[in-house]
Amino acid sequence: MNQPKSKTVNKQTYSTEIKNMFMMFSEHLLKIATERETSLKRKDFEELLKIAVDNLSFVDSGSVLMSDDDGYFYYIAAYNHSYDILDKIRYSPEEVYMRRFKRVYVMKHRIVDLMKELAAKLGEDKEVIIEKFKDKIESINNIKAFISIPIRYQRRIIGFFNLDTWKDEEIFEKTGFESVAEMIGDLLSIAVERFELVRTMKEKNVEIDRMRLFDNLTYLPNKKFLVNYFEKYCEISKRLSSKLYMIYFDIKDFETVNRVYGFEVGDEVLRKLSKALSKSIRRSDVLARVGGDEFAVLTLSKEAPFAIQKRIEESLLQLLKKLGVELKLQMGIAEYGTDGKDFDSLLTRAQERVYKKVIEIRETARTV
């Protein structure tokens with residue numbers, strides 16, 4: 001742990017120190033903000049504290065408080081303090097806002113007994129804390145004053161960048177450091193805003209992708225999703241020496257439900273059909289809605305998946321009977337490699353088999 005600096009400097013030297021420190025601080029923060037998209041971490045705050053402490057003769061230590069999801073403040077970083085102690089301390093929002101203004105604020109030792117406050121937080125008497133931790137609390141006991149710089153996000157304070165002096169409780173006023181502290185707070189707030197914006201954009205993009213890849217009505221994957229997984233399943237089938245099949249099926253004359261009962265009823269029937277389908281397949285299978293009343297399943301199997309086909313047929317027929325709706329299920333199976341080597345050709349082949357089967361049924365009916 002560094003010892004208090006004893007170097008005596010005049011006002012001009014203070015001004016030069018502050019200017020040089022601010023340039024180093026802003027350049028380092030800009031570097032962090034432009035080189036990555038993840039938010040500020042402990043090591044980032046520690047480095048920023050180090051820049052401030054090591055380049056200002058009147059600053060001897062520092063710490064950073066940040067709020068968690070519940071609004072409580074905790075120490076995320078410290079420099080020239082024992083983090084072992086600070087890591088145990090939490091402040092409620094009321095505690096923080098009672099003693100800190102929403103702007104840069106200098107707090108002096110005579111206003112608050114830091115050791116007494118620390119003891120209260122750790123559930124011990126002040127004398128016990130001093131005796132128990134000794135060297136670890138020396139830096140805290142030395143603090144004469146500290147300047148608290150709020151970090152804001154969307155006009156809400158989410159943290160504080162604190163710099164301590166161990167010598168003169170009036171030093172921040174004497175050096176005119178408060179105006180620079182305001183600029184430091186602005187820089188930190190801009191960085192936080194930027195990282196939060198990136199995070200929000202990523203979340204929105206994930207949501208947009210989800211909307212693009214999933215059907216809004218049934219919440220099943222859509223055709224685009226199935227296309228994305230097709231290549232992956234092709235590779236898996238090669239590694240496992242299994243065959244890849246596409247089972248295509250549609251609900252014949254489903255428009256009758258919409259015409260007779262209305263679109264709301266039709267949508268509800270589709271949702272229930274989708275749930276029934278999801279329960280009929282294995283976890284390794286991928287089910288998607290590829291059209292209005294059309295569905296497809298990608299499945300890996302050693303042989304033609306007639307068992308899955310049968311489970312789907314039985315499940316949907318039971319549901320339709322329960323709903324009191326008369327519909328016909330048409331299904332066709334295509335095998336990867338034999339019937340096609342790309343998604344579209346495989347889907348087309350499965351659809352052709354459904355169509356061929358319908359034609360055969362109609363021809364048989366005419367003969368009879």
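These numbers come from a predicted model, not from an experiment.
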Would you kindly say whether Asp186 and Ser189 are connected by a side-chain donor-acceptor distance under 3.5 Å? no
So which atom in Ala78 and which in Leu86 form the shortest heavy-atom distance, rounded to 0.1 Å? CB-CD1, 3.6 Å
Given the rule that I, L, V, M, F, W and Y join up when any side-chain heavy atoms are under 4.5 Å apart, are Phe306 and Leu287 in one cluster? yes
Side chains of Leu273 and Leu320: does their closest heavy-atom pair fall under 4.5 Å? yes
In this structure, is the centre-to-centre distance between the rings of Phe214 and Phe225 below 6.0 Å? yes
Would you say that Pro305 contacts Ile247 through its side chain, given a criterion of any heavy-atom pair below 4.5 Å between the two side chains? yes
Locate the shortest heavy-atom distance separating Val354 from Met331; write the atom from each residue and the value. CG2-C, 3.2 Å
Considering only heavy atoms from C-beta outward, does the side chain of Val290 approach that of Phe295 to under 4.5 Å? no
The reported gap from CG in Leu270 to CG in Leu220 (rounded to nearest 0.5 angstrom) is 10.0 Å
Are side-chain heavy atoms of Asn258 and Phe254 found at a separation under 4.5 Å? yes
Asp54 and Tyr79: side chain donor to acceptor below 3.5 Å: yes
Check: Leu40 and Met66 side chains under 4.5 Å, non-hydrogen atoms: no
Same cluster (ILVMFWY, side-chain, under 4.5 Å), Leu277 and Leu317: no
Short question: side chain of Asp68, backbone of Asp70 - any donor-acceptor pair under 3.5 Å? yes
So, taking the atom named CD1 in Ile333 and the one named OH in Tyr245, what distance separates them when rounded to the nearest 0.5 Å? 8.5 Å
Determine, stepwise, if the pair Lys310 / Glu313 fulfils salt bridge (Lys or Arg N to Asp or Glu O under 4.0 Å). CA-CA 5 Å; Lys310 186 177 181 180; Glu313 289 176 342; over 6 Å; no
Using the side chain to side chain donor-acceptor pair (under 3.5 Å) rule, take Ser345 and Asp342 through it: C-alpha gap first, then chi angles, then the decisive distance, then the call. CA-CA 6 Å; Ser345 61; Asp342 61 81; 3.1 Å; yes
Do the ring centers of Phe73 and Phe160 come within less than 6.0 Å of each other? yes
Pick from Thr175, Leu56, Val59: which one makes a side chain to side chain contact (heavy atoms under 4.5 Å, CB included) with Glu17? Leu56
May I have the step-by-step check of side chain to side chain contact (heavy atoms under 4.5 Å, CB included) for Lys243 and Lys302, ending in yes or no? CA-CA 6 Å; Lys243 295 179 181 180; Lys302 295 292 184 181; over 6 Å; no
Separation between CD of Gln318 and OG of Ser280, rounded to the nearest 0.5 Å: 9.0 Å
With a 3.5 Å cut-off and no angle check, do the side chains of Arg282 and Thr299 form a donor-acceptor pair? yes
Considering all heavy atoms of both residues, which atom of Ser148 and which atom of Pro150 are nearest to each other, and what is their separation? O-CD, 3.6 Å
Under 30°, 30 to 60°, or over 60°: which ring-plane class applies to Phe172 and Phe177, parallel, tilted or perpendicular? tilted
Atom of Asn222, atom of Ala288 and distance for their closest heavy-atom approach: O-CB, 3.7 Å
Polar side-chain atom of Arg42 near backbone of Ala77 as donor-acceptor pair, under 3.5 Å: no
Rounded to the nearest 0.5 Å, what's the gap from CE on Met24 to NZ on Lys50? Could you check? 8.0 Å
Can you name the closest pair of heavy atoms from Lys41 and Arg36 and give their distance? N-NH2, 3.9 Å
Does Ile281 offer a backbone N or O that forms a donor-acceptor pair with the side chain of Asp285 under 3.5 Å? no
Val269 with Tyr261, same ILVMFWY side-chain cluster at under 4.5 Å: yes
For Arg103 and Glu182: C-alpha separation, side-chain torsions, deciding distance, then whether side chain to side chain contact (heavy atoms under 4.5 Å, CB included) applies. CA-CA 8 Å; Arg103 53 180 291 277; Glu182 292 281 2; 3.9 Å; yes
Evaluate whether atom CE of Met183 has more than 12 neighbouring non-hydrogen atoms of other residues, nucleotides or ligands under 6.0 angstrom away. yes
Criterion side chain to side chain contact (heavy atoms under 4.5 Å, CB included) on Ile158 and Arg152, from CA distance to verdict: CA-CA 6 Å; Ile158 62 168; Arg152 301 178 180 85; over 6 Å; no
Once you measure the plane-to-plane angle for Phe25 and Phe161, does it fall in the parallel (<30°), tilted (30-60°) or perpendicular (>60°) bin? perpendicular
Are Glu173 and Lys108 ion-paired here, with the side-chain N under 4.0 Å from a carboxylate O? yes
Show your reasoning for whether salt bridge (Lys or Arg N to Asp or Glu O under 4.0 Å) applies to Glu352 and Arg349. CA-CA 5 Å; Glu352 287 173 351; Arg349 186 62 178 141; 3.3 Å; yes
Heavy-atom side-chain proximity of Asp44 to Leu29 below 4.5 angstrom: no
Same cluster or not: Leu319 versus Val260, using hydrophobic residues (I, L, V, M, F, W, Y) connected whenever any side-chain heavy atoms lie under 4.5 Å apart? yes
With salt bridge (Lys or Arg N to Asp or Glu O under 4.0 Å) as the criterion, how do Asp60 and Lys167 come out once you've worked through the C-alpha distance, each side chain's angles and the decisive distance to 0.1 Å? CA-CA 9 Å; Asp60 301 282; Lys167 296 181 290 293; 3.2 Å; yes
Side chains of Tyr248 and Glu294: is there a donor and an acceptor less than 3.5 Å apart? yes
Are the aromatic rings of Phe58 and Tyr14 close, with centres under 6.0 Å apart? yes
Output, in order, the C-alpha distance, side-chain angles, deciding distance and verdict of salt bridge (Lys or Arg N to Asp or Glu O under 4.0 Å) for Glu170 and Lys174. CA-CA 6 Å; Glu170 305 292 336; Lys174 291 177 181 177; over 6 Å; no
Spatial distance of atom CG (Leu244) from atom OG1 (Thr338) [nearest 0.5 Å]: 11.0 Å
Name the orientation class of the two ring planes belonging to His81 and Trp166 (parallel below 30°, tilted from 30 to 60°, perpendicular beyond 60°). tilted
How far apart are the closest heavy atoms of Leu346 and Gly340, and which atoms are they? CD1-O, 3.9 Å
Strictly by modelled atom types, are Ser61 and Asp164 linked by a side-chain donor-acceptor pair under 3.5 Å? yes
Has the side chain of Ser26 got a donor or acceptor atom that lies under 3.5 Å from a matching backbone atom of Met23? yes
Separation between OH of Tyr75 and CG of Asn162, rounded to the nearest 0.5 Å: 6.5 Å
Under a 4.5 Å cut-off applied to non-hydrogen side-chain atoms, are Leu226 and Leu298 in contact? yes
Is there a side-chain contact between Ser274 and Arg289, using heavy atoms and a 4.5 Å cut-off? no
Test side chain to side chain contact (heavy atoms under 4.5 Å, CB included) on Lys341 and Tyr336; report intermediate values, then the result. CA-CA 6 Å; Lys341 292 187 177 181; Tyr336 171 70; 4.2 Å; yes
Is Ser237 reaching over with its side chain to a backbone N or O of Cys234, donor-acceptor style, under 3.5 angstrom? yes
Does NZ or CZ of Lys232 fall inside the cone over Tyr229's six-membered ring, less than 6.0 Å from its centre and within 45° of the axis? yes
